[in-house]
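Just below is one structure, and these are the notes that go with it.
Only a predicted model underlies this, so the values are computations on that prediction, with no experimental measurement involved. Both counts, for ligands and for their atoms, begin at 1 and track the order of listing.
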Amino acid sequence: MKITKICCIGAGYVGGPTMAIIAQKCPHIQVTVVDLNENRIAAWNDKNVEKIPIYEPGLSDIVAEARGRNLFFSTDVDAAIDEAQLIFISVNTPTKTFGKGKGMAADLKYIELCARQIAKVAKDNKIVVEKSTLPVRTAEAIKSILDNTGNGVQFQILSNPEFLAEGTAVTDLLFPDRILIGGDTSVEGQDAIQSLVDVYANWVSEDKILTTNVWSSELSKLTANAFLAQRISSINAMSELCEKTGADVNEVARAIGMDSRIGPKFLKSSVGFGGSCFQKDILNLVYIAKSYGLNEVADYWEQVIIMNDHQKRRFSSKIVQTLYNTVADKKIAFLGWAFKKDTNDTRESAAIYVADDLINEQANIAVFDPKVEADKVLTDLNYLDTRTADKNKEKLTVVPSPYEACANAHAIAVLTEWDEFVTYDWIRIYNSMQKPAFVFDGRNVLNRAEMEKIGFVYQSVGS
Ligand code: UDX
Ligand code: ADP
């Protein structure tokens, strides 16, 4: 099928940037991104392109180039489905918070609603592409809904997982390590795969486009994220041992990373990984394994999460212990709230859990993050449901400058590795703080020798 019109359902962190790049690289294809959330669509359409709802380096320029030409953002979901030959489903798939699989399985409610809407609206054959991370065999469920509730038209379901990392989404999309497309082995399935290959081939060389069966593609996404998260939990496990033995985890990481079989990436010890994918995908993997009775497989992967939770809790405990076993009514400055630098996304950020622990110890927290909005910080904390929103507001404030966050603080906790943190006037910060002035560097971004020379009591993760 020759693709001239694409629809993407879901204008979030995946759908928005991915469609912006497809539109930029394929000016002959009309790309419409739809979402039920009117505010989000209005923000994508904001005249001031800097106000698009997702912050990603380089993204606003690409949106400025393609928007109105062949890239459109709309709330008219039905019209976009009707027109398109190719429909990406890019809606959220949170971990279930109720019922069977609670806290582990993915909630496929939004996916199912999309499938039903496509079935209702479609009047001609369509290719439907799973873009959200999904449990293995979701494609089968989508197919069943489409085939049984549709208007007699033919649907081909493809799995095309997204491997972009937030903060580097534009580069990852422009220069992907690989594109993975899973489809049916039938002639129609292979035709559908080829249609999607042809879209990507506009900017990705064909040797980087892998085609597989649907289930391999679905499972590969979960596997990739599980392996990446496992590396972080592995190095974080070593960080605790380093702190006890006098080894330095950064030196250990460098030493093992030079082994070409191990490689240097994803060995940065930290306060713990966050983000919308790692935890959700591993829990999903654990749930799938358990549902097949593969308890050893499930337990093996669950340790990655257990280690990550431990690392977050260990960080907050260390702060309390070091501050003479009490942080009650002390001011702790948080530098960073996002789950990593160069994004305004805070989903599952370690900062949320560290703040929650410290507020349980009655600390007062002042947060500064260069990109995260104040409302978001409090919403994240309220979502944990540990205490009332009023209490959270009393104990945590969000301030517009790092100097304000640190003034009179007993300690600073670095929760995100924003580049700008190293450029601050640290002498000024030191002079404004209570003494001894502690810094707990949860991202190992500051220079120990320089910090200690100024007078800070500096603690990193893993040394
Ligand atoms: C991840 C995958 O990398 C991506 O391929 C997939 O499509 C979605 O999930 P993302 O969550 O956006 O991407 O960011 P990533 O760079 O993987 O970082 C995840 C978390 O791990 C962050 O909190 C980051 O700070 C942390 N991290 C990463 C470490 O603590 N140490 C590292 O060495 C690397
Ligand atoms: P991701 O990181 O996977 O992109 P987000 O939560 O950022 O996740 O984005 C998912 C988007 O999908 C949200 O903006 C949500 O409003 C949208 N969405 C969910 N269900 C539907 C639906 N049935 N139709 C249209 N949009 C939907």
Side-chain angles (χ1 to χ4, degrees), residues 7-19 33-41 43-44 53-54 56 73-78 80-81 87-94 106-118 131-134 161-169 172-173 176-178 180 220-222 224-229 231-236 239 249-250 253 257 264-282 308 311-312 336 338-343 345-351 415-418 442-445 461:
C7 158
C8 173
I9 307 179
Y13 283 90
V14 173
T18 310
M19 292 307 123
V33 190
V34 291
D35 203 296
L36 296 172
N37 182 334
E38 288 176 13
N39 291 338
R40 211 166 205 185
I41 291 298
W44 279 110
I54 284 165
E56 276 291 338
F73 295 91
S74 161
T75 49
D76 192 345
V77 180
D78 286 359
I81 292 175
I87 302 164
F88 286 94
I89 301 184
S90 207
V91 301
N92 35 336
T93 52
D107 187 348
L108 298 181
K109 176 173 65 183
Y110 303 108
I111 298 279
E112 180 169 341
L113 283 172
C114 282
R116 290 190 186 278
Q117 194 151 6
I118 295 169
K131 198 75 186 154
S132 318
T133 306
L134 294 165
E162 187 49 72
F163 294 107
L164 68 82
E166 290 177 30
T168 52
D172 293 344
L173 286 162
D177 286 347
R178 75 323 206 166
L180 181 57
S220 298
K221 171 65 191 258
L222 295 185
N225 277 345
F227 270 58
L228 290 168
R231 281 174 71 96
I232 303 169
S233 276
S234 297
I235 200 72
N236 281 343
S239 75
V249 79
N250 300 314
K265 293 182 183 165
F266 266 72
L267 288 179
K268 217 166 169 4
S269 188
S270 67
V271 55
F273 60 74
S276 73
C277 283
F278 283 173
Q279 173 157 318
K280 183 184 78 177
D281 289 358
I282 293 175
N308 197 51
Q311 189 75 350
K312 289 183 265 190
F339 82 98
K340 61 186 282 198
K341 72 173 181 179
D342 292 339
T343 179
D345 193 353
T346 62
R347 287 176 289 181
E348 289 301 326
S349 181
L415 275 314
T416 313
E417 72 281 21
W418 286 101
R443 296 290 182 164
N444 296 354
V445 285
V461 176

Over all heavy atoms of both residues, which pair between Pro161 and Leu180 is shortest? Give the atoms and the distance, please.
-> CD-O, 3.5 Å

Heavy-atom gap Lys341 to ligand 1 smaller than 4.0 Å = no

Report yes if some heavy atom in the side chain of Thr93 is under 4.5 Å from a heavy atom in the side chain of Tyr110; otherwise report no.
-> no

Contact with ligand 2 for Ser132, non-hydrogen, under 4.0 angstrom = no

Where do Asn92 and Ser132 land on the side chain to side chain contact (heavy atoms under 4.5 Å, CB included) test, with the steps shown first?
-> CA-CA 7 Å; Asn92 35 336; Ser132 318; over 6 Å; no

Quick one: do Ile54 and Trp44 satisfy side chain to side chain contact (heavy atoms under 4.5 Å, CB included)? Show the steps, please.
-> CA-CA 9 Å; Ile54 284 165; Trp44 279 110; 3.8 Å; yes

Specify whether Phe278 and Phe273 have parallel, tilted or perpendicular ring planes, treating 30° as the upper limit for parallel and 60° as the lower limit for perpendicular.
-> perpendicular

Between Gln117 and Asp78, is a side chain to side chain contact (heavy atoms under 4.5 Å, CB included) present by the stated rule, with each step listed?
-> CA-CA 8 Å; Gln117 194 151 6; Asp78 286 359; 3.0 Å; yes

Give, for atom CG of Leu415 and atom CZ of Arg443, the distance between the pair rounded to the nearest 0.5 Å.
-> 7.5 Å

Inter-residue atom distance Cys114.SG - Phe88.CZ, 0.5 Å rounding = 14.0 Å

Looking only at protein heavy atoms, which one is nearest to atom 12 (O) of ligand 1, and how far off is it?
-> Glu166 N, 2.7 Å

When only distance counts, is Arg40 in polar contact with ligand 2, meaning an N/O pair under 3.5 Å?
-> yes

What closest approach, in Å, do Gly272 and Asn308 show between heavy atoms, and which atom pair accounts for it?
-> CA-OD1, 3.2 Å

Return the residue, atom name and 0.1 Å-rounded distance of the protein heavy atom closest to atom 18 (N) of ligand 2.
-> Val91 CG1, 3.6 Å

Best match, Gly274, Ala350, Gly275: closest heavy atom to atom 20 (C) of ligand 1 | Gly274

Among all protein non-hydrogen atoms, which one is nearest to atom 26 (N) of ligand 2, and what is the separation to 0.1 Å?
-> Leu36 N, 3.4 Å

Report the member of Asp35, Ile81, Thr18 with the shortest heavy-atom distance to atom 11 (C) of ligand 2.
-> Asp35

Run the salt bridge (charged side-chain N to carboxylate O under 4.0 Å, His left out) check on Glu417 and Lys341 step by step: do they pass?
-> CA-CA 5 Å; Glu417 72 281 21; Lys341 72 173 181 179; over 6 Å; no

Check Asp76 against Val34 and note the closest heavy-atom contact, atom names and distance.
-> O-CG1, 3.8 Å

Name the closest protein heavy atom to atom 2 (C) of ligand 1, giving the residue it belongs to and the distance to 0.1 Å.
-> Asn225 OD1, 3.5 Å

If you compare Asp172, Ile235, Ile232 by their heavy atoms, the one closest to atom 27 (N) of ligand 1 turns out to be Ile232

Write out the residue and atom name of the closest protein heavy atom to atom 8 (O) of ligand 2, then the distance separating them to 0.1 Å.
-> Arg347 NH1, 3.5 Å

Taking atom 5 (O) of ligand 1 as the reference point, the nearest protein heavy atom with its distance = Phe163 O, 2.7 Å

Residue pair Ile41 / Val33: nearest heavy atoms and the distance that separates them | CD1-O, 3.9 Å

Look only at the side chain of Asp35 and the backbone of Ala11, and say whether a donor-acceptor pair between them is shorter than 3.5 Å.
-> yes

Look at atom 12 (O) of ligand 2 and say which protein heavy atom is nearest, naming residue and atom and giving the distance to 0.1 Å.
-> Gly10 CA, 3.4 Å

For ligand 1, the portion of Arg443 having any non-hydrogen atom under 4.0 Å away | side chain

Identify the protein heavy atom lying closest to atom 11 (O) of ligand 1, giving its residue, its atom name and the separation to 0.1 Å.
-> Phe339 CE1, 3.5 Å

If hydrogens are left out, which of Leu164, Thr93, Val33, Asn92 has an atom nearest to atom 19 (C) of ligand 2, that is, the closest non-hydrogen atom?
-> Asn92

For atom 8 (C) of ligand 1, what is the nearest protein heavy atom, given as residue, atom name and distance?
-> Cys277 SG, 3.5 Å

Taking heavy atoms and a distance under 4.0 Å, where does Leu164 meet ligand 1: side chain, backbone, both or neither?
-> backbone

Return yes or no for this condition: an N or O of Tyr13 is under 3.5 Å from an N or O of ligand 2.
-> yes

With heavy atoms under 4.0 Å as the rule, classify the contact between Lys265 and ligand 1 as side chain, backbone, both or neither.
-> neither

Just by modelled atom types, is the Gly275 backbone N or O under 3.5 Å from a matching donor or acceptor in the Arg347 side chain?
-> no

For Gly336 and Ala351, work out which heavy atoms get closest and say how close.
-> O-CB, 4.2 Å

For atom 3 (O) of ligand 2, closest protein heavy-atom neighbour = Val14 CG2, 3.9 Å

State whether the side chain of Glu162 and the backbone N or O of Val14 hold a donor-acceptor pair below 3.5 Å, judged by distance alone.
-> no

Between Thr18 and Leu173, is a side chain to side chain contact (heavy atoms under 4.5 Å, CB included) present by the stated rule, with each step listed?
-> CA-CA 7 Å; Thr18 310; Leu173 286 162; 4.0 Å; yes

Return a yes/no value for Gly272: is any of its N or O atoms, backbone included, closer than 3.5 angstrom to an N or O of ligand 1?
-> no

So, for Ser239 and Gln311, which heavy atoms are closest and what is the spacing to 0.1 Å?
-> OG-NE2, 3.1 Å

Looking at Leu267, which atoms of ligand 1 are within less than 4.0 Å of one of its heavy atoms?
-> 33 (O)

Specify side chain, backbone, both or neither for Ser270, according to which of its non-hydrogen atoms lie closer than 4.0 Å to ligand 1.
-> side chain

Look at atom 19 (C) of ligand 1 and say which protein heavy atom is nearest, naming residue and atom and giving the distance to 0.1 Å.
-> Phe278 CE1, 3.5 Å

Provide, to 0.1 Å, the distance between atom 16 (O) of ligand 1 and the closest protein heavy atom, together with that atom's residue and name.
-> Lys340 NZ, 2.7 Å

Per-atom contacts of ligand 2 with Gly12, taking only distances under 4.0 Å to non-hydrogen atoms | 4 (O), 5 (P), 7 (O), 9 (O)

Please answer whether the main-chain N or O of Lys265 pairs with a side-chain N or O of Arg231 as donor and acceptor at a distance below 3.5 Å.
-> yes

Backbone or side-chain N or O of Ser276 under 3.5 Å from ligand 1 N or O | no

In ligand 1, which numbered atoms sit nearer than 4.0 Å to a non-hydrogen atom of Glu162?
-> 7 (O)

Location of contacts on Ile9 toward ligand 2, heavy atoms closer than 4.0 Å = side chain

closest protein heavy atom to atom 31 (N) of ligand 1 is Lys268 O, 2.8 Å

What are the atoms of ligand 1, with element, lying closer than 4.0 Å to any heavy atom of Leu228?
-> 3 (O)

Please confirm whether Val34 comes within less than 3.5 Å of ligand 2 when only nitrogen or oxygen atoms on both sides are compared.
-> no

